[in-house]
J.: 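Once you've had a glance at the structure underneath, I'll fire off some questions.
The shown structure was predicted, so the numbers you read here are calculated from the model rather than taken from an experiment.
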Amino acid sequence: MLLEVIKTSRLVQPVVTTTFVLVIVYILFFHTLLRHRNPPPVLLSITSSPTQGGTITIAGRNFPPLSPSTTIQIGSRECKSPRTISHSSSLHISTLTCVIPPGSGHNHIVQLDHVPLKDMNDNIRMFHYDPPSILEVK
């Protein structure tokens, strides 16, 4: 009986170890595959705007296709009328425009569908309004 237990344990351990290793490899493979299938959007560039607002241009990689429910948020303001003006399928780079309302200041977080956009170094990218211009002093 003891001999049977020893034989069984020697057989069971390699099978369990092999199964465990295969499961880990399977998980890592599909996690990597899925991550590369839907990589996070990356903000490559964004133009500034005068304080009276206007159209800004946003370029990035891995942006999802725009839909009627797509939102672009700049700080606490919604950037209206988002449009795709160019898209490269092979490079996964898109250029969008939208109309930012009047505002001021800098370091406004840019969000696409409520996800803060980061640059290629994983830093959150910020939007800046141009400094106000003084046209006349009386």
J.: Using modelled atom types and a 3.5 Å cut-off, is there a donor and acceptor pairing between side-chain atoms of Arg61 and backbone atoms of Leu44?
T.: no
J.: What distance do Thr97 atom OG1 and Ile85 atom CD1 have between them, rounded to the nearest 0.5 Å?
T.: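 The distance works out to 5.5 Å.
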J.: Can you list the residues that meet the side chain to side chain donor-acceptor pair (under 3.5 Å) rule with Ser81, with sequence neighbours excluded?
T.: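 For Ser81 there are no side chain to side chain donor-acceptor pair (under 3.5 Å) partners, ignoring immediate neighbours.
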J.: Can you see which heavy atom on Cys79 is nearest to which on Ile100, and at what distance?
T.: SG-N, 3.7 Å
J.: Sorted by first residue and then second, give each ring-ring contact (aromatic ring centres under 6.0 Å, His included) pair with at least one member in residues 49-103; sequence neighbours left out.
T.: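 Non-adjacent pairs meeting ring-ring contact (aromatic ring centres under 6.0 Å, His included): zero.
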J.: Throw together a table of side-chain donor-acceptor distances under 3.5 angstrom for residues 45-60, partners on residues two or more places apart or in other chains.
T.:
residue	atom	partner	partner atom	Å
Thr47	OG1	Thr57	N	2.9
Ser48	OG	Asp130	OD1	2.5

J.: Can you check whether Val42's main-chain N or O pairs, donor with acceptor, with Arg125's side chain at less than 3.5 Å?
T.: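 A pair under 3.5 Å: no.
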J.: Should Ile109 and Met126 be marked as a side chain to side chain contact (heavy atoms under 4.5 Å, CB included) after you check the CA-CA gap, both sets of side-chain angles, and the distance that decides it?
T.: CA-CA 5 Å; Ile109 294 175; Met126 303 291 187; 3.7 Å; yes
J.: Donor-acceptor pairs under 3.5 Å, side chain of residues 111-124 to any protein atom, not counting sequence neighbours: which ones?
T.:
residue	atom	partner	partner atom	Å
Asp113	OD1	Thr71	N	2.9
Asp119	OD1	Asn121	N	2.9
Asp119	OD1	Asp122	N	3.1
Asp119	OD1	Asn123	N	2.9

J.: Looking only at heavy atoms, which two atoms of Pro82 and Cys98 are closest? And how far apart?
T.: CA-CB, 4.0 Å
J.: Test: ring-ring contact (aromatic ring centres under 6.0 Å, His included). Region: residues 119-138. Which pairs qualify, not counting sequence neighbours?
T.: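 As it turns out, the ring-ring contact (aromatic ring centres under 6.0 Å, His included) pairs with a partner in residues 119-138, which skip direct neighbours, are His106-His128, His108-Tyr129, Phe127-Tyr129.
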J.: Excluding sequence neighbours, so at least two apart, what forms side-chain contact (heavy atoms from CB on, under 4.5 Å) with Leu91?
T.: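 side-chain contact (heavy atoms from CB on, under 4.5 Å) check on Leu91 returns Ser88, Ile93.
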